[in-house]
2 protein chains.
Amino acid sequence: MPKQVDYEARRLRIADAVCALIARSGMEAVSLRDVAAEADVSMGAVQRCFRTKEEMLLFALEHISRRVGERAEERIAATSAPQAASTLLTHTLSELALLDEESRTQAHVWLAFVGHAPAGERLAAVLRDTYAKLHDLVEWLIRYGQDTEEIPQHLDPAHEAHSLLAVADGLTVHVVAGYHSPETALAVLQRQVDRLLR
Amino acid sequence: MPKQVDYEARRLRIADAVCALIARSGMEAVSLRDVAAEADVSMGAVQRCFRTKEEMLLFALEHISRRVGERAEERIAATSAPQAASTLLTHTLSELALLDEESRTQAHVWLAFVGHAPAGERLAAVLRDTYAKLHDLVEWLIRYGQDTEEIPQHLDPAHEAHSLLAVADGLTVHVVAGYHSPETALAVLQRQVDRLLR
DNA sequence: CACTTTCCGATGCACTTGCATCATATCCCT
DNA sequence: AGGGATATGATGCAAGTGCATCGGAAAGTG
C-alpha cells in the first residue's frame, strides 16, 4: 500500500488558514497561494484536498459553523446542573454572538460569508440550516426556563427565540463594525434576557 | 474654460453600478471593468472619477449609508402628524432593517461592507458613525413615545434604542442569509416594539 | 531491497486584475 | 471661429489569479 495521509486533518488545517486570512484582510484577499502559505503547505496539497476554491470556502464555512454550534452546546454541558436557566441563556447567547476576543475571528468570517450568501446558493444553504439549529437550541433553553418557572408560561418559546437570535446576530454585526465594544454588547444581551423573566 | 462634466452625477451612477454588482455576485466580483460596463461608461471615466478602487468602494458605501438614513427620516416626515409613536417606530425600524424587496440590494451591500470592516479602517469608520446616527434617530423616537405616554417613563431610551437596533440588524442578516422571510422578520420586529408599550 | 501506488510541489498557462499612458475628441470662452 | 484646456477611452503593462500538468519523492508491502 502506498503513502497515506490524514486528509481530514489537513483539510481542517487549511480551513483554519482560510479563516485567519478572511479575518485579517477580507474574503477577496483569499487566494490559493496565500492559503497554502498560511497553512504552511504547498499549493499542490491544497489543490489535492479541494477540487476547487469554492469547495474550499464552503468547507471552511461548514467548519466554523460546526465549531460555533459545538462551543455553545459545550458551554451548556459544562455548566453544573443546578444553574439558573436565565444565566444559562445569557451564556449561550453571548457565545453565539461571538463577542469575546477569541471568537472575533469567527465573527468576521461568519459575516464575510453572509455577505456572499447571494452569490453562492450552497453557501446560503449552510447558513440557513446553521441558523435553524441555533434557533432550536435557544428555543429549548427557553422551554427549560419555563419548566423551572423562571420564565412565564404565556410566552411563546419559538417567538422569543427568534427575537433573541436576532439580537445576538445584530450585536455581532455591531461589534465587528466597531460600533459596540463586546462589553456593551453583552450588557444589551443581558437586559434582553432579563426582560423574559417577569 | 474647457469641457465640463457633472462629476457628482457620474459618481452616483457609478456607485449604483457598484452596489448592483455587489448585490448580484458579491464584493470580490467587483472589478473596474465590470463596474464601467454596468454603469455604461468607459473604464477611463471611472478612473477619472475615483483615483483608486478603494476610494470608489468607500464612496459607494457612503452613498448607501446616506440613502438609508434619508429614507428613514423621509418616512418619518411623510407620516402625518397625529400618528401613534409605536407605529412610527415600527415603520422606521423596518425601513432600517432593509426588509422589503427593493431594499434587498442595499442590505446585501451593507453586509458585504461589514464583512470587510476589519480590512479597511476608513470603511469601518463610516459604518461606525452611520450606526451612531441611526441610534440617535431611534432614541429620539422612543423619547417621543414617552412624551405621548405610550412608552413607560422608566425605560432608558438609549438602552432600548440599542436593543431595537440590534434586532433590526440581526433580522437584516437573517433575511439576507435566507433564514427568514421579510414577513417573518417584520413580525419579530413588531413584537419587539410592542413589548415597549406596557 | 525493490516495487507499486499514492502524494507532492514546482512550473506552465490562459486569463483577469488595478493602474498608467497618450493620442484624440470634446467643449467653453474670447 | 478658433484656441486652449480638459475629458475620454483604447491600449499597455506588470502582477496576481485559479487551475492543469508532470517528473520525481515518499511510504507501506512483498
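All chains are named by letter (A, B, ...) in the order of the sequence lines, taking the proteins before the strands, and each is independently numbered beginning at 1. Since the structure is predicted, the reported quantities are computational estimates derived from the model, not experimental observations.
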Query raised in the report: At their closest point, which heavy atom of B/Val193 faces which heavy atom of B/Ser86, and how far apart are they?
Result: CG1-O, 3.9 Å
Requested in this report: Please list, by residue number, the residues of residues 51-60 of chain B whose heavy atoms come closer than 4.0 Å to an atom of DNA chain C; answer none if no residue qualifies.
Outcome: B/Thr52, B/Lys53
Considering only distance and modelled atom types, tabulate donor-acceptor pairs under 3.5 Å from the side chains of residues 175-189 of chain B, sequence neighbours left out.
residue	atom	partner	partner atom	Å
B/Ser181	OG	B/Glu183	OE1	3.3
B/Ser181	OG	B/Thr184	N	3.2
B/Ser181	OG	B/Thr184	OG1	2.8

Query - Nucleotide nearest A/Arg48 when distance is taken to its side chain, options C/dG9, D/dG9, D/dA20 - result: C/dG9
Query raised in the report: When all nucleic acid strands are considered with a 4.0 Å heavy-atom cut-off, which category describes B/Val30: base, sugar-phosphate, or nothing?
Result: sugar-phosphate
Query raised in the report: B/His108 versus B/Cys19: any side-chain heavy-atom pair under 4.5 Å?
Result: no
**Report entry** Pair A/His91-A/Glu95, side-chain donor/acceptor within less than 3.5 Å
**Finding:** no
Query raised in the report: Heavy atom of residues 17-25 of chain A under 4.0 Å from DNA chain D: which residues?
Result: none
Report task. Identify, residue by residue, the members of residues 31-40 of chain B with a heavy atom below 4.0 Å from DNA chain C, and return them in order of residue number, or none. Result -> B/Ser31, B/Leu32, B/Arg33, B/Asp34
Report summary line: So side chain to side chain donor-acceptor pair (under 3.5 Å) across residues 57-68 of chain A, not counting sequence neighbours, yields A/Asp16-A/His63, A/Ser65-A/Thr130
**Report entry** Whole-Å distance separating the CZ atom of B/Arg10 from the P atom of D/dA7
**Finding:** 10 Å
**Report entry** By salt bridge (charged side-chain N to carboxylate O under 4.0 Å, His left out) - contacts of A/Glu38 (at least two apart)
**Finding:** A/Arg24
Requested in this report: Give one of base, sugar-phosphate or nothing for B/Phe50, where a contact means two heavy atoms less than 4.0 Å apart.
Outcome: nothing
Report task. Decide whether B/Glu150 and B/Thr148 meet the rule of one side-chain donor and one side-chain acceptor closer than 3.5 Å. Result -> yes
Requested in this report: Could you state the atom-to-atom distance from CE of A/Met43 to C1' of D/dT21 in whole Å?
Outcome: 12 Å
Query - Shortest non-hydrogen separation from B/Arg191 to A/Ser163 and the atoms involved - result: NH2-OG, 4.4 Å
Query raised in the report: B/Cys49 and B/Arg10: which non-hydrogen atoms are nearest, and at how many Å?
Result: SG-CD, 3.4 Å
Query raised in the report: Once you round it to whole Å, what is the distance between P of D/dC13 and CD of B/Gln47?
Result: 16 Å
Report task. Output, in order, the C-alpha distance, side-chain angles, deciding distance and verdict of salt bridge (charged side-chain N to carboxylate O under 4.0 Å, His left out) for A/Arg71 and A/Glu74. Result -> CA-CA 5 Å; A/Arg71 274 209 325 191; A/Glu74 198 173 283; over 6 Å; no
Requested in this report: Nearest whole angstrom, please: distance from the C1' of C/dC7 to the CZ of A/Arg11.
Outcome: 14 Å
Report task. Return the value, rounded to whole Å, for the distance between atom CD of A/Glu28 and atom C1' of D/dA15. Result -> 16 Å
Query - Chi angles and distances behind the salt bridge (charged side-chain N to carboxylate O under 4.0 Å, His left out) call for A/Glu160, A/Arg195 - result: CA-CA 11 Å; A/Glu160 300 304 329; A/Arg195 190 170 295 185; over 6 Å; no
